[in-house]
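The first residue of the sequence shown is numbered 1, and numbering continues consecutively from there. We count ligands from 1, going down the list as the structure has it; atoms in each ligand are counted the same way.
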Amino acid sequence: MEKEVISRNFIEQIIDKDLAEGKYEKICTRFPPEPNGYLHIGHAKSILLNYGLAQEYNGQFNLRFDDTNPTKEKMEFVESIQKDIEWLGADWKDHLYFASDYFPQMYEAAVSLIKKGKAFVCDLSAEEIREYRGTLKEPGKNSPYRDRSIEENLELFERMKNGEFEDGSKVLRAKIDMSSPNINMRDPVIYRIAHMSHQRTGDKWCIYPMYDFAHPIEDAIEGVTHSICTLEFEDHRPLYDWVVNEVGYEHPPKQIEFAKLYLTNVVTGKRYIKKLVEEGTVDGWDDPRLVSIAALKRRGFTPDSLKKFVETVGVAKANSSVDYAQLEFCIRDDLKMKDARMMAVLDPVKLIIDNYPDDKIEYVEVPNNKDNEELGTRMVPFGKELYIEREDFMEIPPRKYFRMFPGNEVRLMNAYFVKCTGFEKDENGNITEIHCTYDPESKGGNSPDGRKVKGTIHWVAAKTAFRGEVRLYENLIDEEKGVYNEDGTMNINPNSLTVLTGCYMEPALGEAKAYDSFQFVRNGFFCADAKLSSPGAPVFGRIVSLKSSFKMPK
Ligand code: ATP
Ligand code: MG
């Protein structure tokens, strides 16, 4: 087969050039999560991109917690993030770092800026700083504290560190240019006072560095060469470069921005997921309708499917939304050869074979996956009373309906030909049972005399069936209507979860363990829900249906 030539993405082109010019000998990338929530599919993209580049170039990949803002951070998230990254298969080896470990170096860097006359302590309030900053059209004004002497700044900054001042009463600002067309360069705040306990450093510090100051220093200390972040930081790059130059790192890292991943009909932002969790719309950060990594794992997505998804999405410089169907395409593609194809009847109605021996149970041999012989076969019990899908029978069939209706012969998948002889209804007109006769000569579902049937339906033997719960999902957000209603509430799809409690399945499915996934023939791919299943009582959730009109974009 001819190998497809994939053009190198723009980040690879930058790296190729840097290496060719001898700018770096070995590349180093990092994933820098703030431990303030669970990771989502957007983060997966960033993780796989950074890890993938490090692997591709024989470089190093760091996991660094960007824990410089203790307000929202928790150890719980530090742990869940590591678990999720491990599951994705990105191996940081022993390169696990915490930005909070660099607080002493960051403090020293700030002192060195003060000594160079490049930073000053400012007493303006947050609101005044905003007023002085100017607008996109108008330049800002210098702070009246801008010309404090170096000695005074050194003393005040040390006293800030020592806890002598209240939160918000003073900040340390870089001294750059209040008339810069880039607002980020208008004497940005680089340290603030916050008398807050930090999850790792406790009460050691009461001043904390701001992201734009901390991040380049973290990268530089670790020897990161290519610091890949999302597009909204593009305007911050001049400040990033200013910090690494003024602090004076020998091998300055380089910031490269790429477009965030957005998916249609889902929410990715931590804030929104948090809101859904807190309002009880979903059953936790790992609710299978969400796209946090924990949720995707619980839903039955595989690391391979996410890798494929990220690869097919590519890296771009312009923001755009990716169709959720593209993610579904990738998981379908991954599971279709791997998963056993089992029979489960989600909306059951009884089928009785009148000419079949009353108490007989026989076993029919069924291939686990007819497209992958390596998965072997299994024996499935068959008997006189079966369950079939309610939609596989019609009293009065429309044209081109080839499944069961009175007088019609169909194939029970891998078992026998059966001919419908009648049915019964309750007083409300609901079909309660269907009757048929079978042809003993058609065992295996093969025609004994060359006669053909057009319909093949799946079934489960009533006597040996596992009766259990199956959950069907739809997108949580109805994007056609917009993510938000006018009153600011979210536009939740009322049908995002359907719980089916009386489903009948092959007995083998009763043994399924958490995260086991299967194709339920004709119904889709399903996974045993890790949170809802218990031994001997799995609850299955649909990962994805079988069909889609989605075509992978070229
Ligand atoms: P969110 O705003 O979605 O909660 P975040 O950007 O606050 O996410 P961080 O922990 O600060 O989350 O980000 C860690 C890394 O993941 C950053 O490098 C960030 O650029 C990247 N990242 C976050 N969201 C996306 C996304 N949707 N697509 C690609 N990368 C992302
Ligand atoms: Mg963030």
Near Pro32 (heavy-atom distance under 4.0 Å), the atoms of ligand 1 are 14 (C), 18 (O)

Atoms of ligand 1 less than 4.0 Å from Thr230 heavy atoms?
-> 20 (O), 29 (C), 30 (N), 31 (C)

With Asp334 as reference, evaluate Lys336, Lys338, Arg332 under the side-chain hydrogen bond (donor to acceptor under 3.5 Å, both in side chains) test and give the passing residue.
-> Lys338

Pair Phe525 and Phe518, ring centroids less than 6.0 Å apart | no

Any donor-acceptor pair under 3.5 Å from Ser292 side chain to Trp285 backbone = yes

Short question: side chain of Lys161, backbone of Tyr107 - any donor-acceptor pair under 3.5 Å?
-> no

What heavy-atom pair brings Arg186 and Ser179 nearest, and what distance separates the two atoms?
-> NE-C, 4.3 Å

Closest heavy-atom contact between Val244 and Ala220?
-> CG1-CB, 4.3 Å

Would one find an N or O of Asn36, backbone or side chain, under 3.5 Å from an N or O of ligand 1?
-> no

Ligand 1 to Cys229 polar contact by distance, N or O atoms, under 3.5 Å = no

Is the closest heavy-atom distance from Arg271 to ligand 1 below 4.0 Å?
-> no

Side chain, backbone, both or neither: the part of Phe31 lying under 4.0 Å from ligand 1 by heavy atom | side chain

Of the choices Lys260, His43, Arg30, Lys45, which has the non-hydrogen atom that lies closest to atom 12 (O) of ligand 1?
-> His43

